[in-house]
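To find a chain, count down the sequence lines: A is the first, B the second, and so on, and within it residues start at 1. Just the heavy atoms: all of them, side chains too, but no hydrogens, waters or symmetry mates, feed the values below.
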Amino acid sequence: MKRFLIIIILLTTTSILSCSYQTTFSSDNINYDVTITEKRNSIIIEPSSGETSTTGLLFYPGGLVDNHAYNDLLAQFSEEAGIKCVVVKMPANLAVFAINSGIKRCEEHPDIEKWIIAGHSLGGAMAASTVNKYSDFYSGIIFMDSYPADSVSLKNWEGCVLSLFSSIEKISDEERMNKTLSLIPPATWLTEDERSYPEESSNYSVIHCINGGSHSYFGSYGPQDGDFTPTITREEFHDEVVDYMTEFFSENGWE
Amino acid sequence: MDGNRAMRKIKATIFILFIICSSIAAESQNKQSLMIETGLNFRPGLFYNWNWEPGYNGSAITASLNYQNNKFIMGGGLEAGYSYLGFDIFVPIKTGFVIAETEKIEFLIQAVILPGLLLTRPYPYFMIGIETSASLKWNINDKISFSLFAGPRYTAIPVYSINVAPENELGLNAGVSSTFIINQSKN
């Protein structure tokens, strides 16, 4: 009996420590002209009307965040850019358990010829790992408050990188930032005043830091433990993220 | 059907099952055993939101305390696992019946009700599942046995389906378990 109780206590404790963040997203309250298709291991968000691009966006959610939490952001991006977005549902909401599952999800969309991968937090780190493994498959990567794991270098990768940070605080750790810069292609910082892309058409990075956001603002959830206090609204934050994502696609001719 | 009515029906079903099993157990008093069962479950999915979409849907580890009286078994415990929605905990309440047995092998069928929680913060979502399974049990010795089981399982997360997106699953639950007898008496 004692053994039984120990097992039960261990199971309960482990499970409770692994709670995912709920999303505030509701499929009934989408304000964008998009179609959302729910599948067991992915969520497909595509424009309901107009022409859809042959470039697609594959998205890896952050660790222990409900995979629907990014639907608002991606619905806005999908409508504005005319891009099909595929959110990869991760086992237990942890991308480390299915790092390369994105490839299988891409194969389910033969209408898409070129794939850009994006990831938030842990999802971004795992996206970098799969890009490192399938470097010819992906043409670009978007990091959201994220960077490659130390063992993964995209320095010489032929693709293009957009890195978005949610607040000044996120880039204030100089050592971490230098490490990140050493793992991605040569970087140019973009600001509202200075927003010119490099002349290269491949092997470059552009980085932008949003003023006053917070880590959980990339999704519709939170606040997350350790979040900085935001000074802008989530809607303003999403507008800026979508603006930079759309520009990144446009600059690379992925429309 | 609204949430309260569904909950009342679930509670009533659990209560009726408990009464039936207790009555059956009380009637026959030849061989009684108290057992701890631990197992590993795999959850291949078949229908997702009522659409045919076969695919893997997670795994779980289980621990339960079972009581067997001759051919009747009842028990309850904990199942901790994960799916594409995160980690979850079920509290399986089960009843079963041995339909064939030899000295070493038992073949039994079980019905399980699974109230549970999808572990999210700031608060969890209530989940409910029902399952039937067939199990082949190999008695290694007087104290330990080993089982293989499989059967259909339906799970739904009612409030999540309303608040976020539809979420129900009809699939299989299959796995292996080992049983340790901690107390046995024969009248």
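With hydrogens and angles disregarded, no donor-acceptor distance shorter than 3.5 Å links the side chain of B:Thr120 to the backbone of A:Ser20.
Counted within 6.0 Å of CG on B:Asp142, heavy atoms from surrounding residues, nucleotides or ligands total 12 or fewer; the atom is thus considered open. Heavy-atom neighbours of A:Tyr147 OH from other residues, nucleotides or ligands within 6.0 Å: at or below the threshold of 12. Counting heavy atoms of neighbouring residues, nucleotides and ligands inside a 6.0 Å radius, atom NZ of B:Lys104 exceeds 12 of them.
Using a 4.5 Å cut-off between heavy atoms, A:Ile43 makes no contact with chain B at all. Only the backbone of B:Asn163 comes within contact range of chain A, judged by heavy atoms closer than 4.5 Å. In this structure, chain A has no heavy atom under 4.5 Å from any part of B:Leu117. For chain A, no part of B:Ser59 is nearby; none of its heavy atoms comes within less than 4.5 Å.
Closest non-hydrogen pair, A:Asn41 versus B:Tyr84, comes out as CB-CZ, 3.8 Å.
The aromatic rings of A:Phe97 and B:Tyr82 are tilted relative to each other, their planes meeting at an angle between 30° and 60°.
In terms of heavy-atom pairs under 4.5 angstrom with chain B, the leader among A:Glu38, A:Met90, A:Lys39 is A:Lys39.
With a 4.5 Å cut-off on side-chain heavy atoms, B:Tyr160 and A:Gln22 do not count as touching. Taking 4.5 Å as the limit, some side-chain heavy atom of A:Leu94 sits within range of a side-chain heavy atom of B:Phe87. The shortest side-chain heavy-atom distance between A:His68 and B:Leu85 falls under the 4.5 Å cut-off.
Taking OG1 of A:Thr37 as the reference point, atom CG of B:Asn51 lies at 10.5 Å (rounded to 0.5 Å). Atom CG of B:Asp88 sits about 11.0 Å away from atom SG of A:Cys19, to the nearest 0.5 Å.
Applying the side-chain hydrogen bond (donor to acceptor under 3.5 Å, both in side chains) test to every pair with at least one member in residues 133-145 of chain A, sequence neighbours left out, gives these pairs: A:Asp145-A:Ser166, A:Asp145-A:His215.
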